[in-house]
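Here the structure is a predicted model, which means the values were calculated and not measured. Quick note on labels: first sequence line is chain A, next is B, and so on, each numbered from 1.
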2 protein chains.
Amino acid sequence: MTEISAKKQRIYQEAARLFQDRGYAATSMRAIAGAVDLEVSSLYSHIRSKEELLQEICFRTAGQFMDAMQAIRRKWDNPVRQLEEIIRFHTRLALQDPTSATVFSDEWKHLGPEEVKSFVSMRRNYEQQFLEILVQGQRAGLIRDLPRHWIMHTIISGLAWLYRTQHPVPPDEQEHLIQTLLAMNLHGIIKSQNV
Amino acid sequence: MTEISAKKQRIYQEAARLFQDRGYAATSMRAIAGAVDLEVSSLYSHIRSKEELLQEICFRTAGQFMDAMQAIRRKWDNPVRQLEEIIRFHTRLALQDPTSATVFSDEWKHLGPEEVKSFVSMRRNYEQQFLEILVQGQRAGLIRDLPRHWIMHTIISGLAWLYRTQHPVPPDEQEHLIQTLLAMNLHGIIKSQNV
DNA sequence: CATTTATACGAACGATCATTCGTATCTATG
DNA sequence: CATAGATACGAATGATCGTTCGTATAAATG
């Protein structure tokens with residue numbers, strides 16, 4: 001019944017790729033149609049509108065982030081370990097689905113007014129949970145007493161190049177990359193330890 | 001003679017703001033005209049085209065980055081100090097002109113084909129100089145032997161939230177923010193020193 | 001085989017886009 | 001005052017946009 005046709009999946013995939021390359025506003029339905037070898041009008045046999053494409057990509061990715069955050073907070077109680085797992089998840093998702101990650105991160109502002117409100121609300125929820133982890137880490141004396149908002153934004157923003165730049169990282173380097181990102185975020189890039 | 005009229009400056013300023021909010025493609029000349037209290041056709045008494053606005057913003061900001069990089073490399077020879085000054089400059093520019101910084105960072109892909117080539121070439125030059133600083137720091141044993149491209153992208157990307165998110169930082173907090181960003185990038189967020 | 005259902009298409013619609021043109025007004029200079 | 005140049009405007013142009021509609025074909029169902 002509610003089976004997702006292969007063609008529909010293909011449309012979403014190509015739409016995400018085009019949204020990443022040119023941005024939502026600069027991507028025409030004609031361009032999407034061309035990418036999936038259809039005429040423009042034929043697209044509407046599969047999707048309702050251009051904005052539906054954007055909505056699906058944004059909220060599906062948002063759901064993945066929310067689910068991951070919840071799972072991580074359930075599974076571990078050490079806040080530093082939780083942070084590590086969050087960075088792990090961001091990295092894996094960015095490498096596995098960079099186009100969706102970019103659309104999620106950059107193009108959500110082109111959603112309709114009510115969808116934007118819903119989206120921002122989800123993101124605020126996510127950030128709130130992130131901040132709580134930092135609070136716990138600081139209370140436990142594990143994390144430096146730096147302003148938590150600045151820590152959070154720097155960590156999240158510092159991972160954005162993974163999907164924004166088109167540097168493809170081979171799968172066998174993925175764990176090396178994650179270890180490097182963890183080292184940088186947790187211990188910085190300076191060798192000497194006199195802080 | 002080559003005096004820049006106040007109205008022209010105003011147009012560039014409002015254009016950058018709109019490009020940041022809605023993106024280049026989704027910003028109409030009518031919206032820009034409305035923001036500076038003009039009719040659309042009147043804009044063309046001051047500027048040549050919509051793309052000229054984008055070009056000016058992108059390449060002016062690119063020039064600022066290139067100049068800063070050159071000045072820093074001339075003034076200091078300690079690579080860690082050079083990195084510190086780069087982070088300082090990114091932060092100051094992001095806080096002082098966040099709209100231009102966003103356009104520079106996100107909207108350059110809407111430049112024409114030849115301008116994109118020129119822009120990417122400048123950015124590659126900048127990144128090359130950044131990498132050289134990291135090489136020197138690693139050779140001197142000051143910077144951890146992590147992959148340099150990953151270090152560079154993480155640092156630069158980790159500063160992007162300063163202009164991307166609309167968190168206004170009051171001027172008297174600016175130095176505190178810079179110190180926090182330096183601490184995070186150089187030494188991480190973890191208290192314990194057993195690495 | 002007959003009938004429904006899903007998919008594809010060409011043509012067209014109204015809206016909006018960036019830009020141009022002729023003209024009017026305003027400002028500064030002779 | 002007269003003239004010239006800069007600035008502002010309304011109207012129009014051609015292009016492109018997302019979407020709809022009627023129809024045709026292909027696939028699935030009875």
Side-chain angles (χ1 to χ4, degrees), chain A residues 1-59 103 106-116, chain B residues 1-58 103 107-116:
Chain A
M1 259 259 171
T2 35
E3 203 176 333
I4 314 115
S5 92
K7 204 132 207 177
K8 192 166 181 177
Q9 271 186 281
R10 177 91 194 291
I11 293 173
Y12 277 100
Q13 171 188 323
E14 292 299 324
R17 193 180 56 81
L18 286 166
F19 290 168
Q20 176 182 37
D21 282 357
R22 321 180 183 177
Y24 174 77
T27 300
S28 67
M29 293 298 279
R30 285 158 179 85
I32 299 174
V36 296
D37 264 316
L38 280 181
E39 294 302 317
V40 214
S41 55
S42 313
L43 283 178
Y44 291 86
S45 297
H46 302 272
I47 60 164
R48 222 181 311 273
S49 67
K50 183 186 177 189
E51 207 193 320
E52 191 196 59
L53 290 168
L54 181 61
Q55 286 175 21
E56 234 289 305
I57 296 169
C58 284
F59 284 100
V103 175
D106 294 349
E107 308 295 331
W108 59 267
K109 53 181 164 185
H110 297 107
L111 290 167
E114 69 199 36
E115 286 87 5
V116 161
Chain B
M1 256 268 169
T2 34
E3 204 177 333
I4 314 114
S5 91
K7 203 131 206 178
K8 192 166 181 177
Q9 272 187 279
R10 178 88 194 292
I11 292 174
Y12 276 100
Q13 173 189 322
E14 291 298 324
R17 194 181 56 81
L18 287 165
F19 291 167
Q20 176 181 36
D21 283 358
R22 320 179 184 178
Y24 174 77
T27 299
S28 66
M29 293 298 278
R30 283 154 183 85
I32 299 174
V36 296
D37 264 316
L38 279 182
E39 294 303 317
V40 213
S41 55
S42 311
L43 283 178
Y44 291 86
S45 296
H46 301 271
I47 61 163
R48 221 183 310 272
S49 68
K50 184 187 176 187
E51 207 192 319
E52 191 197 58
L53 289 168
L54 182 61
Q55 286 175 21
E56 234 289 305
I57 297 169
C58 284
V103 174
E107 309 294 330
W108 59 267
K109 52 181 162 185
H110 297 107
L111 290 167
E114 69 198 36
E115 285 87 6
V116 161

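A search for side-chain hydrogen bond (donor to acceptor under 3.5 Å, both in side chains) contacts involving B/E51 returns B/Q55, not counting sequence neighbours. Among residues two or more places apart in sequence or in another chain, the side chain to side chain contact (heavy atoms under 4.5 Å, CB included) test is passed with B/A33 by B/L43. Partners of B/R10 under the salt bridge (Lys or Arg N to Asp or Glu O under 4.0 Å) rule, at least two apart in sequence or in another chain, are B/E14. Checked against salt bridge (Lys or Arg N to Asp or Glu O under 4.0 Å), B/E107 has no partners two or more places apart in sequence or in another chain. For A/F19, the ring-ring contact (aromatic ring centres under 6.0 Å, His included) partners two or more places apart in sequence, or in a different chain, are A/Y24.
Atom CZ of A/R22 sits about 11.0 Å away from atom NZ of B/K109, to the nearest 0.5 Å. To the nearest 0.5 angstrom, B/T27 atom OG1 is 8.0 Å from B/D21 atom CG. A/K8 contributes atom NZ, which lies 5.0 Å from atom OH of A/Y12 (distance to the nearest 0.5 angstrom).
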Polar atoms only, N or O, under 3.5 Å: list the protein pairs with nucleotides 13-17 of chain D and their distances.
none

Could I get a table of every N or O pair under 3.5 Å where one atom is in the protein and the other is in nucleotides 23-27 of chain D?
none

Heavy-atom protein contacts under 4.0 Å, nucleotides 3-10 of chain D, coded B base, S sugar-phosphate only, - none: ----SBBB
Side chain to side chain contact (heavy atoms under 4.5 Å, CB included) assessment of B/I47 paired with B/M29: CA-CA 11 Å; B/I47 61 163; B/M29 293 298 278; 3.8 Å; yes
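Remark: C1' of C/dC17 and CD1 of B/I32 are 12 Å apart, rounded to the nearest angstrom. The CZ atom of A/R48 sits 18 Å away from the P atom of D/dG18 (whole-angstrom rounding). As a whole-Å value, the separation of B/L43 CG from C/dC21 P is 17 Å. In this structure, A/I47 places its CD1 atom 14 Å from C1' of C/dA8, rounding to the nearest Å. When rounded to the nearest whole Å, the span between CD of B/E52 and C1' of C/dT19 equals 14 Å. At whole-Å resolution of the value, CG in A/L54 and P in D/dG18 are 13 Å apart.
Of the options B/L53, B/L18, B/L54, a side chain to side chain contact (heavy atoms under 4.5 Å, CB included) to B/V103 is made by B/L54 and by none of the others.
Sorted by first then second residue, the side chain to side chain donor-acceptor pair (under 3.5 Å) pairs that include residues 30-50 of chain A, not counting sequence neighbours, are A/R48-A/E52.
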